[in-house]
Visitor: 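Here you go, one structure.
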Amino acid sequence: MTTDPIVCLHGITSSHTTWGGLVLATKPLGNDPYCPTLLGHGPVGRRRKVAGYSLEAFVADVMAQINRAGLDRFQLVGHSLGAHLASMIAERFPERITRLVLEELPVPARSRRDPGPVYHRWSGLLIKIGALRGYKDYDPVMVSRVLDQLGSPRPEWWQQLPRLTMPVLMIGGGPSSYLDQRRFQMVADELPDARLIEIDGGHRVHITRSDEFLAQVVPFLMADAPTPWKHELSD
């Protein structure tokens, strides 16, 4: 089994505890995931406020935590915002990422004519409004600024996708998710070694369909050696 450590990045308004199921599944196999807290989340993350909450600041903060933990090469798992940050990290440091799992990745627009990651533009507004109730757990300003960035065209992100040469497992949450599931295949088509699967569990597949999620992710992360994946969509 691989000895490369696992790093897990949670989604927006969530926390590191969301990965409890994956930790319980992989720890007995000798791999205890490292789960950082993102900027603006929880007591720890809120103490690390930064002006503007740029996605680049999130990446820098995550990498600082990973480096302090002494991790050189590692496997990276991300959900939602965490998936987008994971993709950015993999684009910038492909030599350090041995495997990549992207659950419900918000796929940004290529240009202003591209509709962007969600089916309906009001989805982001509803999330911003709902985030006001969780101010004790995360910074609502952070939520608003992150969603604005994810909803804006990011052509440079698309240009860097071919740098993701490591095996990539992409997981979509199916028709009950508010993210446009059709966009995942667009990303997979840009990657040299990607597998795309659908688990109909909505946006938080690792919670709502935990068993199915772990059945796919644990063998992928604990495999003996990289295996080229064909682009495929399965139930």
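Here the structure is a predicted model, which is why all the values come from computation and not from measurement. The figures here come from the full heavy-atom set of this structure, side chains too, leaving out hydrogens, waters and symmetry mates.
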Visitor: If you measure from CZ on R204 to OG on S210, what distance do you get to the nearest 0.5 Å?
Guide: 11.5 Å
Visitor: Group every Ile, Leu, Val, Met, Phe, Trp and Tyr by side-chain heavy-atom contacts under 4.5 Å, then state whether L191 and M186 land in the same group.
Guide: yes
Visitor: Compare every heavy atom of R96 with every heavy atom of N67, then report the nearest pair and how far apart it is.
Guide: OD1-NH2, 2.8 Å
Visitor: Should V7 and F93 be regarded as members of a common hydrophobic cluster, given that ILVMFWY residues are connected when their side-chain heavy atoms come within less than 4.5 Å of each other, either directly or indirectly?
Guide: yes
Visitor: How far apart are the closest heavy atoms of S80 and P106, and which atoms are they?
Guide: O-CD, 3.1 Å
Visitor: Just jot down the side-chain hydrogen bond (donor to acceptor under 3.5 Å, both in side chains) partners of T165, sequence neighbours excluded, or say none.
Guide: none
Visitor: Can you confirm whether the side chains of D4 and T98 place a donor and an acceptor under 3.5 Å from each other?
Guide: yes
Visitor: Once you round to the nearest 0.5 Å, how far does CZ of R110 lie from CZ of R183?
Guide: 8.0 Å
Visitor: If we only count heavy atoms from C-beta on, is the L9 to P36 side-chain gap below 4.5 Å?
Guide: yes
Visitor: Taking C-beta and beyond as the side chain, do L164 and E91 meet within less than 4.5 Å on heavy atoms?
Guide: yes
Visitor: Let me see the working for I199 and I171 under side chain to side chain contact (heavy atoms under 4.5 Å, CB included), right down to the final yes or no.
Guide: CA-CA 7 Å; I199 301 174; I171 299 176; 4.2 Å; yes
Visitor: Does NZ or CZ of R99 fall inside the cone over F220's six-membered ring, less than 6.0 Å from its centre and within 45° of the axis?
Guide: yes
Visitor: Counting only N and O atoms by type, is there a donor-acceptor contact under 3.5 Å from the side chain of R112 to the main-chain atoms of P153?
Guide: no
Visitor: How about E104 and Q181: does a side-chain donor come under 3.5 Å of a side-chain acceptor?
Guide: yes
Visitor: Less than 4.5 Å apart, side chain to side chain, heavy atoms only: is that true for V217 and L169?
Guide: yes
Visitor: Do we see a donor-acceptor contact under 3.5 Å between the side chains of D200 and S176?
Guide: yes
Visitor: Nearest 0.5 Å, what's the SG-CD1 distance between C35 and I6?
Guide: 9.0 Å
Visitor: For side chain to side chain contact (heavy atoms under 4.5 Å, CB included), just list the numbers for M170 and Q185, CA-CA rounded to whole Å, side-chain angles, deciding distance to a tenth of an Å, and then say yes or no.
Guide: CA-CA 9 Å; M170 299 182 64; Q185 187 64 56; over 6 Å; no
Visitor: Would you check if H16 and T18 make a side-chain contact, meaning some heavy-atom pair closer than 4.5 Å?
Guide: no
Visitor: Using the six-membered ring wherever Trp is involved, compare the ring planes of Y53 and F58 and label them parallel, tilted or perpendicular (cut-offs 30° and 60°).
Guide: tilted
Visitor: If every non-hydrogen atom of M166 is compared with every non-hydrogen atom of A90, which pair is closest and at what distance?
Guide: CE-CB, 4.1 Å
Visitor: Roughly how far, to the nearest 0.5 Å, is the CD1 atom of I12 from the OG atom of S14?
Guide: 10.5 Å
Visitor: With side chain to side chain donor-acceptor pair (under 3.5 Å) as the test, would you mind laying out the steps for Q216 and R195 before giving the verdict?
Guide: CA-CA 11 Å; Q216 296 289 339; R195 181 188 182 197; 3.2 Å; yes
Visitor: Applying side chain to side chain contact (heavy atoms under 4.5 Å, CB included) to M63 and D61, what does each step give before you reach the verdict?
Guide: CA-CA 5 Å; M63 290 306 298; D61 184 72; over 6 Å; no
Visitor: Drop me the distance from F213's CZ to D211's CG, to the nearest 0.5 angstrom.
Guide: 12.0 Å
Visitor: Stepwise, does the salt bridge (charged side-chain N to carboxylate O under 4.0 Å, His left out) test hold for R163 with E156?
Guide: CA-CA 12 Å; R163 291 175 58 82; E156 72 286 350; over 6 Å; no
Visitor: Would you call P108 and H84 a side-chain contact if the rule is heavy atoms closer than 4.5 Å?
Guide: yes
Visitor: Within the side chain of T26, is there an N or O that forms a donor-acceptor pair under 3.5 Å with the backbone of D32?
Guide: no
Visitor: Quick check: closest heavy atoms across G201 and R209, and the distance to 0.1 Å?
Guide: CA-CG, 3.6 Å
Visitor: Is there a side-chain contact between W158 and V187 in this structure, where contact means two heavy atoms from C-beta onward sitting under 4.5 Å apart?
Guide: yes
Visitor: Kindly compute the distance separating OG1 (T13) from CG (D139), expressed to the nearest 0.5 Å.
Guide: 12.5 Å
Visitor: Is there side-chain contact between L38 and L81, with at least one heavy-atom pair below 4.5 Å?
Guide: yes
Visitor: In terms of relative ring orientation, are W19 and H79 parallel, tilted or perpendicular, with 30° and 60° separating the classes?
Guide: perpendicular
Visitor: Anything under 30° is parallel, anything over 60° is perpendicular, the rest tilted; go ahead and classify H41 against H10.
Guide: perpendicular
Visitor: Taking all heavy atoms of P117 and all of G151, pick out the closest pair and write down the distance.
Guide: CD-CA, 4.5 Å
Visitor: Could you go through the side chain to side chain contact (heavy atoms under 4.5 Å, CB included) check for V101 and L76 one step at a time?
Guide: CA-CA 6 Å; V101 177; L76 192 52; over 6 Å; no
Visitor: Are L221 and L29 connected in a single hydrophobic cluster, I mean Ile/Leu/Val/Met/Phe/Trp/Tyr linked by side-chain heavy atoms less than 4.5 Å apart?
Guide: yes
Visitor: Please determine whether salt bridge (charged side-chain N to carboxylate O under 4.0 Å, His left out) holds for the pair D114 and R154, giving the CA-CA distance in whole Å, both sets of side-chain angles, and the decisive distance to 0.1 Å.
Guide: CA-CA 10 Å; D114 188 346; R154 294 178 57 79; over 6 Å; no
Visitor: Do M222 and V77 sit in one hydrophobic cluster, given that two such residues count as connected whenever their side-chain heavy atoms are within less than 4.5 Å of each other, even indirectly?
Guide: yes
Visitor: State yes or no: do V23 and I66 share one hydrophobic cluster built from I, L, V, M, F, W and Y residues joined by side-chain heavy-atom distances below 4.5 Å, directly or via other members?
Guide: no
Visitor: If every non-hydrogen atom of M142 is compared with every non-hydrogen atom of L39, which pair is closest and at what distance?
Guide: CG-O, 4.0 Å
Visitor: A side-chain contact here means heavy atoms from C-beta on lying under 4.5 Å apart; do P5 and Q75 qualify?
Guide: no
